[in-house]
Amino acid sequence: MTPLTLVFDLDGTLAETAPDLIDALNHVLAGDGIAPVPVAAARSMVGAGVRALIERGYAGAGRALTKPRLDALFGDFLDFYNAHIADKSTLFPGVAACLDRCRAEGWRLAVCTNKLEHSSNLLLGKLGVVDRFAFVCGQDTFGIAKPDPAIYRHVLKDLGIEPGEAFFIDDKIANIEAALALGMQAH
């Protein structure tokens, strides 16, 4: 029998990553002479991937972006972010112990995030928990971002399980609703 699988979101669910994401956003904004966005004000910008974060940062400063400019800023953001990925990011209290207990009880653990797969593995490694996960995917793994339910179909297929064999844990209601619509359990 296939073990039940817990599929976690990363940012805001397993780890507090907003400060490092916002530092990377402010690095990009500074390159265009835009004042930094305070962490408290920028928290609401985080959650739909890097491109959306950059677009929101520029929109907040009253600036529009062309696709070529956004692509260039995306590369700059990733370079800075990956170099500083765990400067301020931390696991939420109790996460490592929870992961260990779940594994000890026979759960298989996975991550499905809108962060890029390489950055996800890098962050999980820096936080000391990458080895707990049997599977990690980001929005670039399948070319699909949450809450598109197609990403969950790919996760289930790659894990070789049916929707009822997976429990999805996320901090965004749209992502939870998409998982529930496929027949996954979610919270």
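Atom set for the values below is all heavy atoms of this structure, side chains included, hydrogens, waters and symmetry mates excluded.
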Roughly how far, to the nearest 0.5 Å, is the [atom2] atom of [Y] from the [atom1] atom of [X]?
X	Y	atom1	atom2	answer
Ile176	Ile169	CD1	CD1	9.5 Å
Cys137	Leu116	SG	CG	11.5 Å
Tyr152	Leu159	OH	CG	13.5 Å
Asp32	Asp76	CG	CG	9.5 Å
Phe133	Cys112	CZ	SG	12.5 Å
Glu105	Leu4	CD	CG	11.5 Å

Problem set entry | Pair Asp9 + Lys172: basic N to acidic O under 4.0 Å |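 Between Lys172 and Asp9 there is no salt bridge, as every charged N stays at least 4.0 Å from the carboxylate O atoms.
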Decide yes or no for [X] and [Y]: does some side-chain heavy atom of the first lie under 4.5 Å from some side-chain heavy atom of the second?
X	Y	value
His154	Thr141	no
Leu29	Pro36	no
Phe142	Lys157	no
Asp23	Asp87	no

What is the minimum heavy-atom distance between [X] and [Y], and which atoms define it?
X	Y	value
Ala178	Pro147	CB-O, 3.1 Å
Ala18	Glu16	N-OE1, 3.0 Å
Glu117	Asp140	N-OD1, 2.8 Å
Val129	Leu91	CG1-CD1, 3.6 Å
Leu78	Ser119	CD2-OG, 4.3 Å
Arg69	Leu65	CG-CD2, 3.8 Å

For this session: Report whether Phe135 and Met184 are members of the same hydrophobic cluster (ILVMFWY, side-chain heavy atoms less than 4.5 Å apart, transitive linking).
Result: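 Yes, same cluster.
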Exercise. Applying the 4.5 Å side-chain criterion to the ILVMFWY set and letting contacts propagate, would Leu123 and Val130 be lumped into a single cluster?
Worked result: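 Yes: a chain of side-chain contacts under 4.5 Å links Leu123 to Val130.
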Problem set entry | Intermediate values then yes/no, side chain to side chain contact (heavy atoms under 4.5 Å, CB included), Thr5 and Glu165 | CA-CA 6 Å; Thr5 303; Glu165 297 171 311; 5.9 Å; no
Exercise. Given the rule in the side chain to side chain contact (heavy atoms under 4.5 Å, CB included) test, do Tyr58 and Ile34 qualify, once you have shown the distances and angles that lead to the verdict?
Worked result: CA-CA 8 Å; Tyr58 275 75; Ile34 299 172; 3.5 Å; yes
Exercise. Are the side chain of Lys146 and the backbone of Ile151 linked by a donor-acceptor contact shorter than 3.5 Å?
Worked result: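 Checked: no pair found.
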Exercise. Okay, side chain of Asp20, backbone of Ser89: is any donor-acceptor separation there less than 3.5 Å?
Worked result: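 Side chain of Asp20 to backbone of Ser89, a donor-acceptor pair under 3.5 Å: yes, one is there.
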Exercise. What's the verdict on side chain to side chain contact (heavy atoms under 4.5 Å, CB included) for Phe77 and Leu21, showing C-alpha distance, side-chain angles and the deciding distance?
Worked result: CA-CA 9 Å; Phe77 181 102; Leu21 287 165; 4.1 Å; yes
Exercise. In chain order, what residues pass the salt bridge (charged side-chain N to carboxylate O under 4.0 Å, His left out) check against Lys126, with sequence neighbours excluded?
Worked result: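 Once residues adjacent in sequence are excluded, Lys126 has no partner under the salt bridge (charged side-chain N to carboxylate O under 4.0 Å, His left out) criterion.
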For this session: Could you give me the CA-CA distance, side-chain angles and deciding distance for Val50 and Gln139, then say whether side chain to side chain contact (heavy atoms under 4.5 Å, CB included) is met?
Result: CA-CA 10 Å; Val50 170; Gln139 68 173 276; over 6 Å; no
Exercise. Is the Lys NZ or Arg CZ of Arg51 less than 6.0 Å from the centre of Phe74's six-membered ring, within 45° of the axis?
Worked result: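 That pair qualifies as a cation-pi contact.
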For this session: Scan Asp170, Thr113, Thr13 and name whichever one has a side chain to side chain donor-acceptor pair (under 3.5 Å) with Asn175.
Result: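 Exactly one candidate clears the test, Asp170.
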Exercise. Which pairs count as ring pair (Phe, Tyr, Trp, His ring centres under 6.0 Å) when at least one residue sits in residues 7-35, sequence neighbours excluded?
Worked result: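 The answer is His27-Phe80.
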Problem set entry | Heavy atoms of other groups near Arg101 CZ, more than 12 under 6.0 Å |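 Counting neighbours around CZ of Arg101, 12 or fewer heavy atoms of other residues, nucleotides or ligands fall under 6.0 Å, so no.
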